[in-house]
Structures are given as C-alpha cells and as structure tokens.
A.B. asks: 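My questions will all concern the structure given below.
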Amino acid sequence: MPGTMTLEELRAAFDAGGIDTVLVAAPDMQGRLMGKRFHAAHFLASGHEETHCCNYLLATDMEMLTVEGYASTSWAKGYGDYTMKPDLSTLRRVPWLPGTALVLCDLVDHHTHEEVAISPRAILKRQVARAREMGYAAMAATELEFFIFEQSYEALRDGTDHLTPISGYNEDYHLFQTSKEEPLMRALRNGLYGAGIPVENSKGEAEAGQAEINIRYEEMLKTADFHVITKQATKEIAHSLGKSVTFMAKYDHRRAGSSSHVHQSLWTLDGQPAFLDTGAEYGMSALMRQYMAGQLAHAGEITALLAPYVNSYKRFCVGMFAPTKAVWSLDNRTAGFRVCGDGTKALRVECRIGGADLNPYLACAGLLAAGLAGIEHGLELEPEMRGDSYRNATAREIPKTLRHAADLLEGSVMLRAAFGDEVVDHYTRAARWEIEEQDRVVTDWERKRLLERG
Ligand code: ADP
C-alpha cells in the first residue's frame with residue numbers, strides 16, 4: 001500500500017518537487033489535529049526533530065478558551081510550551097492536499113523530556129504497552145459515521161436553520177443515493193488509501209445525508225491515528241467540494257445520531273486470535289469473557305471517554321440503533337456491547353456506546369483499561385441479554401447525562417490505577433467544563449419556547 005514514507009523518501013519527494021509542505025500535528029483533548037504547516041525544507045533540516053506548541057492545547061475547549069481549573073497549566077503557571085516530537089513512523093502523504101505530507105507528534109515536557117501524561121496519545125500508548133506486557137496486541141477498528149450537508153461551513157456561519165442533508169431519505173446501504181455522493185466519498189476512500197490508511201469501504205447510513213467509513217482494524221494506537229486523520233480528511237475533502245460534514249453525536253433531535261462503534265479483539269504477540277476458542281459458546285475464549293466482563297463492570301466509568309459532551313447523551317435514545325443499556329449480546333444492535341464474528345477468527349466485541357464525537361485515543365484507552373482490569377481480576381461474564389434491550393427494565397443503564405458520567409469517571413478506582421490521578425482529574429475537569437458552559441449558555445430552543453409565551 002502506498003502512503004507512509006521514511007524521512008529519506010520525503011527528502012526524495014521534496015527534491016523531485018512532489019512535496020513542499022509538511023503538517024506537523026498533535027491530537028488534542030477533543031481529538032483534533034493541532035499544529036503547524038512546515039516548509040518541507042525546514043522540516044527536513046530540523047523540524048523533524050522537534051518543534052513547540054503552547055501547553056494550553058491540552059487545556060482548552062472547542063472555542064480555544066483558557067479554561068480555569070487544570071493542574072497542568074494556567075495563567076498562574078504562565079502557559080508555557082510543550083515539545084512536539086514527530087513520530088516518524090506516522091509520516092505519510094496527504095494526497096487530497098497538493099504537495100503535502102503529515103506527521104503526528106507526541107507531546108513531551110520540554111524540561112523532563114518525558115511524554116506529557118495527559119496527552120491522549122500518551123494515555124493510549126500506556127494501555128497498549130500494558131496489554132503487550134500481558135502478552136497481547138490490542139486490536140481495534142473505530143467505525144465512523146457522519147452527516148454530509150450541501151452547504152459549506154462558511155455558508156452555515158450565519159445559522160444552521162436551513163441545513164440541507166445531501167440526500168432526501170434514509171440511505172442505509174443504498175447504492176444509488178451513494179453514487180450521488182461519490183465526488184466526496186470516492187475522493188475520501190482513495191485519499192486515505194494514498195495516505196497509507198487501509199480503508200475497507202464506505203456506505204450510506206440509516207438517515208438522510210448520513211454516511212459511514214470503515215478502516216481495517218489495526219493495533220489500537222494506529223487505529224486512533226487513522227481515525228483522527230480520517231476525520232480531518234473528510235472535512236477537508238468536503239470543504240474542497242463546497243460541502244460540509246459533521247461528526248456531532250446528534251446534530252438534530254429529529255434525526256438519528258452518529259456513532260463511532262469500537263470493534264476490539266486481543267491477539268497473541270505471535271498473531272493468534274486470543275478471543276477465539278472454537279470449543280466454547282460462540283467461540284468465545286475465557287479471556288474474551290473476562291475482557292467483556294471488565295468492560296461491563298466499568299461501563300459507566302468509561303462513558304465520559306466515549307461520550308464527552310452534553311450533546312453526546314442526546315444520541316442515546318430508544319429505537320434509533322444507539323444503545324441505552326450496557327449489556328452484551330450476540331449480533332444484537334440494541335445492546336451496548338455486541339459480539340460479532342462468532343466462531344471465526346473475526347470474533348470481536350463491538351462497543352456501540354461511543355458517538356462520532358469521541359476522541360479515539362481516550363475511547364480506546366478507556367475500553368482497553370476496563371477490559372484488561374477484567375482479565376487481571378478474572379471477572380466472570382454475566383449471562384447474555386437476548387431480545388430488545390431497550391425494553392429491558394432491569395438491564396444496566398448507560399449514564400444518561402455527562403454530569404453522571406463525569407462523577408463516575410472521577411470516582412473510578414480502575415481508571416485511577418490504569419491512567420493515574422493526574423489524567424483522571426484532568427479529563428473530569430474537561431467534562432465538568434462542558435457542563436458548566438451548557439448550564440450557563442442560553443440556547444435558541446429556550447428563546448423560541450419562552451420569549452413570547454413564557
Ligand atoms: P459492521 O456490519 O458492524 O459495519 P464490518 O464487517 O464492516 O461490520 O466490520 C466492522 C469493523 O470491524 C471493520 O473495520 C473491521 O476491520 C473490524 N474488524 C474485523 N475483524 C476484527 C477483529 N478481529 N478485531 C477488531 N476489529 C475487527
């Protein structure tokens with residue numbers, strides 16, 4: 001597959017006039033790519049070693065506010081720098097931007113030279129390393145759903161009342177409607193392929209204007225890297241065509257939401273599927289049962305990592321394919337955890353709780369930490385839930401609000417052991433900030449409802 005390149009290959013491409021720009025990017029708390037655009041000559045001369053960014057990039061919100069209450073940085077601490085250290089194994093072409101390559105960075109403390117503990121990439125790396133120490137490669141795929149609109153982001157600046165989804169009807173698996181979307185989706189598939197991202201397919205989804213893109217499963221760090229680059233690619237290619245996309249979990253209460261289901265499996269370090277035991281029920285090994293038991297036991301505690309905004313919780317509604325219950329079931333889309341590929345090497349557990357707004361590093365780290373805790377404590381898997389879990393009154397609920405999920409995150413002994421207190425406190429603050437802002441801001445809905453009649 002084309003795509004990833006060595007520094008020498010970048011040099012050759014620069015000398016041949018093929019690449020002149022290198023995007024030097026670090027994923028932030030929201031899973032956005034933040035960084036600088038380097039001239040390739042400067043990147044080759046010294047930028048590939050390191051560059052710097054303001055440390056508020058891991059303490060800000062969507063609006064780039066200097067949010068109070070973080071231990072990592074503040075006005076009192078002077079908002080200093082982090083070192084951005086390119087991970088050259090991620091250097092790749094960006095075929096959808098002319099003459100451009102991209103590299104992802106780790107964020108490093110520029111005094112101690114250690115990775116910044118609260119950096120999403122560092123948080124996931126730590127859990128992946130933990131799995132490896134236990135003898136497993138943690139594999140995952142993060143399916144990504146989104147909506148495509150006819151208008152550009154610029155055209156929507158004056159208001160989103162007249163958003164026009166690219167299709168007029170539910171286009172789930174539709175090949176005719178998705179033919180109309182090929183200027184975007186074909187460019188996306190081919191662009192990702194050309195960037196060394198193993199794209200499997202795209203499809204229409206179960207709402208007007210909704211699409212899904214699937215990337216082949218890989219070890220979790222690579223999967224999260226693929227995810228953030230795929231989001232960026234989707235926005236950039238849509239923008240180049242005068243359209244826009246959204247990864248909001250729920251952009252309209254009358255429409256379905258967008259998810260990012262996380263398919264997971266553990267493999268031995270010599271490449272055997274450790275979740276598979278062909279003699280057992282559904283082919284599920286004892287290891288897989290413990291892993292799933294861990295995720296069920298800690299589902300509430302990791303929900304803020306799968307559903308990070310107040311808006312994320314509006315997706316969890318009955319009868320719209322988003323789950324409301326943290327239970328497991330074989331090939332059942334009403335359950336929070338669905339077992340897929342039973343009896344085969346493709347056996348995996350799909351967590352359906354996450355929205356398309358999740359940060360894939362944090363989501364994968366939380367899921368993996370919970371699964372590994374299940375293995376370490378030899379947890380027993382509860383009986384399978386069968387049938388419609390929406391209507392199962394006694395089944396374990398997914399937290400209904402970010403407020404509840406933030407409390408569970410803060411109190412999680414499991415996550416404090418896996419991530420460290422500094423990380424849990426930091427992301428609890430991030431969740432609470434979202435709640436404080438939502439509590440403070442007066443919305444269109446309130447004005448419409450109350451201005452005249454209230
Ligand atoms: P769906 O019907 O849910 O869309 P797909 O067949 O498209 O299911 O697969 C979803 C994702 O699962 C794909 O990205 C695929 O690469 C991934 N996948 C397949 N096998 C495994 C596995 N063993 N572990 C983790 N992910 C896997």
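Read the numbers this way: they start at 1 and go in the same order the structure lists the ligands and their atoms.
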A.B. asks: Is K231 positioned over the aromatic face of F247, cation under 6.0 angstrom from the ring centre and no more than 45 degrees off axis?
C.D. replies: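 Output yes; distance and angle both within limits.
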A.B. asks: Side-chain atoms of residues 368-376: list all donor-acceptor pairs with protein atoms under 3.5 Å, sequence neighbours left out, distances to 0.1 Å.
C.D. replies:
residue	atom	partner	partner atom	Å
E376	OE1	R130	NH2	3.1
E376	OE2	R130	NH2	3.4

A.B. asks: For Y251, which of T160, T246, N311 qualifies under side-chain contact (heavy atoms from CB on, under 4.5 Å)?
C.D. replies: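 For Y251, the side-chain contact (heavy atoms from CB on, under 4.5 Å) test succeeds with only one of T160, T246, N311, which is T246.
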A.B. asks: Does Y169 have its ring centroid less than 6.0 Å away from the ring centroid of H174?
C.D. replies: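 When the ring centroids of Y169 and H174 are compared, they turn out to be within the sub-6.0 Å range.
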A.B. asks: For E350, which of R333, H263, Q264 qualifies under side-chain hydrogen bond (donor to acceptor under 3.5 Å, both in side chains)?
C.D. replies: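 Result: among R333, H263, Q264, H263 is the only option passing the side-chain hydrogen bond (donor to acceptor under 3.5 Å, both in side chains) with E350.
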A.B. asks: Does the separation of the ring centres of Y427 and F419 fall below 6.0 angstrom?
C.D. replies: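 For Y427 and F419, the ring centres are not under 6.0 Å apart.
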A.B. asks: Under a 3.5 Å threshold, I'd like every N/O contact between ligand 1 and protein atoms, with atom names and distance.
C.D. replies:
residue	atom	partner	partner atom	Å
ligand 1	3 (O)	E143	OE2	3.3
ligand 1	3 (O)	R338	NH2	3.1
ligand 1	4 (O)	E143	OE2	2.8
ligand 1	9 (O)	R348	NH2	3.4
ligand 1	12 (O)	H263	ND1	3.4
ligand 1	12 (O)	R348	NE	3.4
ligand 1	14 (O)	I215	O	2.9
ligand 1	16 (O)	E200	OE1	3.4
ligand 1	16 (O)	E200	OE2	2.9
ligand 1	16 (O)	Y217	N	3.0
ligand 1	23 (N)	S265	OG	3.2
ligand 1	24 (N)	S265	OG	2.7

